[in-house]
Amino acid sequence: MAETIELARQLIQKKSVTPEDNGCQQLIADFLQPLGFESSHLKFGEVKNLWAATSGSGPLLVFAGHTDVVPAGPEDQWTFPPFDATVNDGYLYGRGAADMKSSIAAMMVATKRVMANHSLRGRMGFLITSDEEGPAVDGTVRVMDYLQEQNTPIDWCIVGEPTSTTRLGDVVKNGRRGSLNGRLTVNGRQGHVAYPHLARNPVHLFAAALQSLTKEVWDNGNEFFPQTTFQVSNLSAGTGVENVIPGELHCQFNFRFSTEVTAEQLKTRVHDLLDSHDLDYQLSWRLSGNPFITGRGRLVAATCSAIEKVCGITSELSTSGGTSDGRFIAPTGTEVLELGPVNATIHQIDECVSCDDLLLLTDVYERLIIELLT
């Protein structure tokens with residue numbers, strides 16, 4: 001069995017549901033140690049992180065990823081047990097097969113190959129967390145703080161998120177939209193539905209404001225980003241009975257926003273809009289991440305070149321999808337791209353990845369290292 005597939009199987013077999021690592025990072029460190037990597041195991045709170053790097057001088061290329069996975073769900077619905085890492089009919093099945101233990105395995109093998117056959121004109125590093133699928137507060141963001149304290153700037157970073165859509169390498173993420181969450185409470189006055197003049201219905205009060213929020217054009221996007229979107233994710237009010245006007249309405253919403261607007265600007269505009277409707281409300285905010293973009297520089301050129309040489313296709317640059325840990329790395333000035341396998345089955349029952357794609361992905365990562373550091 002090919003080394004990449006065997007390593008991916010070993011990682012999948014370690015049941016590392018977020019924030020657990022369950023020995024994955026030690027396996028990675030043990031693999032990298034003979035290649036000249038020095039590992040630091042960094043634990044913040046209950047989260048385990050791994051920083052492994054070679055010594056020397058020159059630009060630093062880092063592979064980043066996460067060993068934690070989402071829960072498997074009903075295991076009896078899987079064709080093969082989710083942590084058995086079964087290879088069947090050319091596919092590797094298991095939780096984390098696509099998101100993203102296979103990418104980590106491909107990165108490891110690609111690094112081993114390059115270091116066996118080339119002299120590097122620079123350094124390499126691995127930044128691995130077990131907190132990406134969870135709150136993401138004690139993982140990559142804390143490791144980046146550590147690296148800044150150590151005065152260790154990263155020049156280029158490849159995050160192994162599953163970015164491909166129909167075939168390996170067809171999409172590379174060169175940025176992500178920002179994510180801003182709001183929790184809104186609109187206050188009314190509870191009362192009997194037969195006596196509405198004695199109550200204030202917060203649902204009725206909020207209706208016009210909600211319509212304004214959904215129709216607002218927040219920006220028009222740009223070359224890399226679609227326009228900012230507003231979506232309600234939860235809306236609730238009432239006591240559950242038919243004859244009581246609710247006293248409060250609760251609304252959760254999210255902005256996925258481009259670089260054309262800031263989180264503070266969005267907050268101000270929402271407050272102004274709610275105030276214009278004369279609402280009595282409380283609103284709290286949580287910023288999941290700001291948008292980031294990596295322009296057409298050396299990392300983009302090398303990555304697209306590697307994909308074209310190995311896969312024979314031209315990649316599309318995209319900023320679609322959710323957030324990733326790249327949002328914690330890019331603000332330091334690092335060029336960040338995301339490249340990984342087909343994402344059709346991530347977080348699903350019977351998550352799987354093509355074994356042929358894993359071998360190609362290993363070749364792409366190998367070619368990328370060669371183009372940047374040799």
Side-chain angles (χ1 to χ4, degrees), residues 18-19 45 70 131-142 144 161 173 175-190 199-222 224-240 245-293 318-331 347:
T18 190
V70 297
D131 189 34
E132 198 274 345
E133 299 290 7
V137 296
D138 287 321
T140 299
V141 62
R142 297 290 300 275
M144 291 306 298
E161 291 291 347
K173 298 295 176 75
R176 294 281 188 162
R177 295 173 295 174
S179 179
L180 176 64
N181 302 281
R183 285 180 174 265
L184 172 68
T185 298
V186 178
N187 302 308
R189 183 183 302 117
Q190 184 173 308
R200 295 178 68 247
N201 193 321
V203 179
H204 297 184
L205 296 171
F206 183 54
L210 178 59
Q211 186 176 39
S212 298
L213 287 166
T214 57
K215 289 186 174 182
E216 180 78 5
V217 177
W218 305 96
D219 62 37
N220 293 310
N222 55 36
F224 293 110
F225 291 92
Q227 67 181 32
T228 294
T229 60
F230 168 89
Q231 286 293 313
V232 171
S233 55
N234 198 5
L235 191 66
S236 62
T239 62
I245 293 171
E248 292 182 341
L249 174 144
H250 302 281
C251 177
Q252 293 175 251
F253 59 86
N254 174 269
F255 283 101
R256 293 300 164 105
F257 63 102
S258 78
T259 51
E260 294 296 305
V261 65
T262 67
E264 292 305 315
Q265 289 171 333
L266 290 172
K267 292 178 185 180
T268 298
R269 289 171 64 180
V270 170
H271 281 284
D272 289 346
L273 189 152
L274 295 175
D275 291 341
S276 72
H277 288 271
D278 198 26
L279 296 177
D280 177 12
Y281 68 91
Q282 293 86 42
L283 177 55
S284 62
W285 298 95
R286 184 177 67 86
L287 178 65
S288 295
N290 281 307
F292 68 91
I293 192 73
S318 172
T319 60
S320 64
T323 58
S324 80
D325 275 3
R327 70 190 188 272
F328 303 126
I329 302 170
H347 293 201

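Computed from heavy atoms alone, side chains included, the values below leave out hydrogens, waters and symmetry copies. Heads up: numbering here begins at 1 and tracks the sequence. Predicted model, so just to flag it, every value in this text is computed and none were measured.
Leu249 has its side chain out of reach of Ser236: every pair of non-hydrogen atoms, C-beta onward, lies at least 4.5 Å apart. The side-chain heavy atoms of Thr185 and His250, taken from C-beta on, include a pair separated by under 4.5 Å. Side-chain contact between Val270 and Phe230 is absent, with no heavy-atom pair separated by less than 4.5 Å. Contact check for Ser324 versus Lys173: no side-chain heavy atoms found under the 4.5 Å cut-off. Between Glu260 and Asn220, the closest side-chain pair of non-hydrogen atoms is not below 4.5 Å. By the 4.5 Å heavy-atom criterion applied to side chains, Thr239 and Gln190 are counted as neighbours.
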Working for side chain to side chain contact (heavy atoms under 4.5 Å, CB included), residues Val232 and Cys251: CA-CA 7 Å; Val232 171; Cys251 177; 4.0 Å; yes
Check against side-chain hydrogen bond (donor to acceptor under 3.5 Å, both in side chains), Ser284 and Arg286: CA-CA 7 Å; Ser284 62; Arg286 184 177 67 86; over 6 Å; no
Test log, rule side chain to side chain contact (heavy atoms under 4.5 Å, CB included), inputs Phe253 and Leu213: CA-CA 10 Å; Phe253 59 86; Leu213 287 166; 5.8 Å; no
Trace of the side chain to side chain contact (heavy atoms under 4.5 Å, CB included) decision for Thr140 with Glu132: CA-CA 8 Å; Thr140 299; Glu132 198 274 345; over 6 Å; no
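Applying the side chain to side chain donor-acceptor pair (under 3.5 Å) test to Thr259 and every residue at least two apart in sequence or in another chain returns Asn222. With sequence neighbours left out, Glu264 forms a salt bridge (charged side-chain N to carboxylate O under 4.0 Å, His left out) with Lys267. By the side chain to side chain donor-acceptor pair (under 3.5 Å) test, Ser320 is found to be paired with Ser318, residues two or more places apart in sequence or in another chain being considered. In this view, Asn234 and Gln252 satisfy the side chain to side chain donor-acceptor pair (under 3.5 Å) rule, not counting sequence neighbours. Here Asp275 pairs with Tyr281 under the side chain to side chain donor-acceptor pair (under 3.5 Å) rule; sequence neighbours left out. For Arg327, the salt bridge (charged side-chain N to carboxylate O under 4.0 Å, His left out) test picks out no residue, with sequence neighbours left out.
At most 12 heavy atoms of other shown residues, nucleotides or ligands fall within 6.0 angstrom of atom CD in Gln231. Residue-environment remark: CZ (Arg269) exceeds the threshold of 12 foreign heavy atoms within 6.0 Å. Other residues, nucleotides and ligands contribute over 12 non-hydrogen atoms within 6.0 Å of the CG atom of Asp272.
In this structure, the separation between CZ on Phe206 and OG on Ser212 is 9.5 Å, given to the nearest 0.5 Å. In this structure, OG1 on Thr319 lies 9.0 Å from CZ on Phe224, to the nearest 0.5 angstrom. Taking CG from Leu273 and CG from Leu210, the interatomic distance works out to 10.0 Å, rounded to the nearest 0.5 Å.
Remark: the Asn181 side chain and the Arg183 side chain contain no N/O donor-acceptor pair separated by less than 3.5 Å. Donor-acceptor pairing under 3.5 Å is recorded for the side chains of Asp219 and Thr228. Arg177 and Ser179 are not linked by any side-chain donor-acceptor pair at a separation below 3.5 angstrom, with hydrogens and angles left out of the test.
The backbone N or O of Phe292 lies less than 3.5 Å from no partner atom in the side chain of Arg176, so there is not a single donor-acceptor pair. Remark: side-chain polar atoms of Asp280 are not paired, donor with acceptor, to backbone N or O of Asn187 under 3.5 angstrom.
Between Ala199 and Ile245, the shortest heavy-atom contact is CB-CD1, 3.8 Å. What you find for Asn290 and Ala263 is that their closest heavy atoms are OD1-CB, 4.3 Å. Gly134 and Thr18 get closest at one heavy-atom pair: N-OG1, 3.4 Å. The two atoms that bring Pro202 and Pro246 nearest to each other are CD-O, 3.0 Å, heavy atoms only. The shortest non-hydrogen separation linking Val137 to Asp131 is N-OD2, 2.8 Å. Here the closest heavy-atom approach between residue Pro226 and residue Ser258 is recorded as O-CB, 3.8 Å.
The aromatic ring centroids of Trp218 and Phe257 lie 6.0 Å or more from each other.
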